[in-house]
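Report on the following structure.
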Amino acid sequence: MAITKYFNEFLSNIRLSKNQRDDLITGHSTLRDRLKNDADLSKIIVSTFLQGSYRRATAIKPKNGKRADVDIIVVTNLDRHSLTPQEAIDKFISFVEKHYKGKYRIQGRSIGIELSYVDLDIVVTSAPSEVEQAFLKSESVTTALALEDLGNDWRLVKSWAEPGHRQNWTSFMAESIRAAAEWKTASLYIPDQDANCWVETNPLEQIRWTRDKNKATYSHFVNVVKALKWWRLCRLIDLKHPKGYPIEHMIGDCCPDNITSVAEGVVKTLEAIVANYAWYRRLEVTPTLADRGVPSHNVWKRVSSKDFIAFYDFIVEAAKTARRAYDAELDCEKLREWRLLFGTEFPVMTEDEARNERLARKSQQLQAGTATLTSGITIIRNTSGVSVPRERDHYDDSSLLQ
């Protein structure tokens with residue numbers, strides 16, 4: 001379908017640029033290397049790995065001068081039963097003072113680092129079991145490649161390796177790894193300084209869930225997420241919450257499997273949100289969405305009922321626009337509606353392309369006897385073919401048919 005070409009261009013426009021991806025790679029690679037080689041921290045660090053939208057392949061480019069960001073999980077051998085969250089974070093202060101002086105801040109559950117080209121978050125965790133520690137050092141965990149880069153090939157199997165590291169694999173090895181049962185991840189615990197307690201988290205399960213959902217949607221899911229994140233970024237400027245992962249989680253709950261295009265995924269996801277949360281809107285209460293890895297956690301905990309109502313009402317209107325776009329007959333009509341939804345990063349046809357499309361439909365309808373020329377229409381015939389006057393706006397062709 002021709003509209004796929006325009007969606008591909010739109011997705012290309014809202015993805016992280018090559019320079020932004022390179023900056024992220026430079027930022028997190030440098031940080032992970034420094035952690036690994038630090039004389040003091042190397043004694044307590046078990047492993048590091050990436051989490052968040054970059055790893056899940058659902059990141060979009062930032063706007064308004066903001067920088068791309070990436071979260072780095074730092075698995076340690078620290079005992080959460082004998083150390084307070086503050087004491088755990090304090091072990092990293094000399095490190096950030098040495099390498100990122102004046103560029104870091106202590107946050108509730110992480111250490112934020114603001115560089116000129118990227119934002120980094122260090123998320124410290126307490127010691128997992130010895131079995132877990134061994135697995136957390138495997139390449140399936142430590143890989144810096146995003147799901148999109150792996151073509152849904154990533155698996156939580158200890159012997160899994162990145163595509164570029166499989167030179168010595170035999171077909172038997174590849175098949176055995178694909179058939180192997182995946183590791184059942186245990187939760188990690190991160191220090192919450194505000195609450196003065198260690199909080200359960202399981203980012204690897206979020207990544208695994210996203211991979212499975214992406215497979216079930218023929219690899220369209222992560223692009224549906226990117227598209228709707230962009231809609232939220234552009235259209236809900238004054239709304240504080242929800243944003244980021246909470247929206248991604250709701251999209252995951254509502255996006256149907258077996259979709260055949262991003263366009264279909266967008267319209268059906270929006271309509272499912274409207275249908276699934278209508279009851280909460282009527283009661284004016286925020287829904288509870290259980291975390292993929294830690295079901296006892298509500299990922300919408302920070303969303304007030306006021307913000308939920310505003311968000312839901314925006315979704316209702318967005319769903320109407322998306323349905324008009326999806327059902328429109330002509331591509332130029334579809335593009336007009338998709339652009340209303342997603343803004344100027346969504347491409348439109350050239351004037352000549354739109355005219356040619358409308359003229360082709362008019363010709364077909366004239367031949368079929370389902371339309372007639374009106375007195376207000378001029379058809380120009382010359383050696384180059386047939387056309388309509390250039391001054392007609394292809395966004396409004398109501399006068400072309402009667």
Side-chain angles (χ1 to χ4, degrees), residues 23-56 59 62 64-128 136 142 144 187-204 206 240-246 291 293-294 297-303:
D23 287 343
L24 281 176
I25 292 170
T26 298
H28 77 69
S29 298
T30 301
L31 173 58
R32 294 172 78 184
D33 285 342
R34 285 172 173 171
L35 287 167
K36 179 180 179 181
N37 296 317
D38 186 84
D40 295 321
L41 292 182
S42 61
K43 300 173 185 176
I44 65 171
I45 291 176
V46 174
S47 176
T48 64
F49 67 90
L50 305 184
Q51 70 158 353
S53 59
Y54 173 70
R55 177 75 184 271
R56 295 190 304 272
N64 303 322
K66 293 186 177 181
R67 296 171 293 274
D69 62 83
V70 64
D71 299 336
I72 297 93
I73 295 286
V74 181
V75 184
T76 73
N77 59 18
L78 300 175
D79 182 3
R80 63 186 174 90
H81 299 293
S82 61
L83 287 178
T84 67
Q86 181 67 58
E87 289 170 336
I89 292 297
D90 284 347
K91 292 184 178 295
F92 287 78
I93 298 301
S94 61
F95 171 83
V96 290
E97 274 289 314
K98 177 181 178 180
H99 297 288
Y100 302 102
K101 187 177 180 61
K103 300 175 182 178
Y104 75 91
R105 66 189 186 281
I106 305 302
Q107 303 170 145
R109 297 183 178 183
S110 65
I111 302 174
I113 299 172
E114 297 182 0
L115 303 179
S116 60
Y117 57 93
V118 68
D119 287 344
L120 306 168
D121 264 0
I122 298 175
V123 182
V124 179
T125 80
S126 63
L136 289 167
T142 62
S187 293
L188 297 169
Y189 287 82
I190 60 176
D192 187 327
Q193 296 181 92
D194 295 335
N196 194 32
C197 65
W198 290 81
V199 180
E200 190 177 3
T201 187
N202 200 329
L204 290 172
Q206 291 183 350
K240 185 176 182 180
H241 294 291
K243 58 184 178 181
Y245 181 73
D291 189 285
V294 187
H297 288 183
N298 174 18
V299 298
W300 272 52
K301 182 179 179 179
R302 295 185 180 182
V303 183

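Only a predicted model underlies this, so the values are computations on that prediction, with no experimental measurement involved. Counting begins at 1 with the first residue of the sequence.
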- Message: For Q107 and S110, which I'm curious about, is there any donor-acceptor pair between the side chains at under 3.5 Å?
- Response: yes
- Smallest heavy-atom separation, G293 atom then N202 atom, equals CA-CB, 3.8 Å
- Message: Can you give me the closest heavy-atom contact between T142 and S47, atom names plus distance?
- Response: CG2-OG, 3.5 Å
- Query: Roughly how far, to the nearest 0.5 Å, is the CD1 atom of I111 from the CD1 atom of I122?
  - Reply: 5.0 Å
- Sort and list the pairs that fulfil salt bridge (charged side-chain N to carboxylate O under 4.0 Å, His left out) and have at least one residue in residues 66-87, not counting sequence neighbours. R67-E114, R67-D119
- Task: For D121 and I113, run side chain to side chain contact (heavy atoms under 4.5 Å, CB included): C-alpha distance rounded to whole Å, both residues' side-chain angles, the deciding distance at 0.1 Å, then the answer.
- Result: CA-CA 6 Å; D121 264 0; I113 299 172; over 6 Å; no
- Query: Can you tell if the side chain of I25 reaches within under 4.5 Å of the side chain of Y54, non-hydrogen atoms only?
  - Reply: yes
- ring pair (Phe, Tyr, Trp, His ring centres under 6.0 Å) involving W198 - partner list, sequence neighbours excluded: none
- Item | Of V75, V74, T125, T76, the residue whose pairing with V46 passes side-chain contact (heavy atoms from CB on, under 4.5 Å) | V75
- Task: Measure the spacing between CD1 of I73 and OG1 of T48 and express it to the nearest 0.5 Å.
- Result: 10.0 Å
- Query: Looking at residues at least two apart in the chain, or sitting in another chain, which of them share a side-chain contact (heavy atoms from CB on, under 4.5 Å) with D23?
  - Reply: Y117
- Item | Point-to-point distance, once rounded to the nearest 0.5 Å, from CG of L136 to CG of L204 | 6.5 Å
- Query: Going by the salt bridge (charged side-chain N to carboxylate O under 4.0 Å, His left out) test, which pairs reach into residues 35-54, not counting sequence neighbours?
  - Reply: none
- Among pairs that include at least one residue of residues 65-103, which meet ring-ring contact (aromatic ring centres under 6.0 Å, His included), considering only residues two or more places apart or in two chains? F95-H99
- Could I get the full list of side-chain contact (heavy atoms from CB on, under 4.5 Å) partners for K91, not counting sequence neighbours? I44, L78, L83
- Residues two or more places apart in sequence or in another chain: which of them pass salt bridge (Lys or Arg N to Asp or Glu O under 4.0 Å) with R55? none
- Message: Restricting to side-chain contact (heavy atoms from CB on, under 4.5 Å), what partner residues turn up for E200, sequence neighbours left out?
- Response: S187, Y189, V294, H297
- Across all chains, not counting sequence neighbours, the side-chain contact (heavy atoms from CB on, under 4.5 Å) partners of Q193 are P85, Q86, I89, I106
- Is the backbone N or O of P246 less than 3.5 Å from a side-chain atom of W300, with the two atoms forming a donor-acceptor pair by type? yes
- Flag the pair F49 / I72 as yes when at least one side-chain heavy-atom distance between them is below 4.5 Å, and no otherwise. no
- Note on the structure: Across all chains, not counting sequence neighbours, the salt bridge (Lys or Arg N to Asp or Glu O under 4.0 Å) partners of K98 are none
- Note on the structure: Residues at least two apart in sequence or cross-chain that pass salt bridge (Lys or Arg N to Asp or Glu O under 4.0 Å) with R109, listed by chain then number, are D192
- Rounded to the nearest 0.5 Å, how far does CZ of R32 lie from CG of L120? 11.5 Å
- Across all chains, not counting sequence neighbours, the ring pair (Phe, Tyr, Trp, His ring centres under 6.0 Å) partners of Y245 are H249
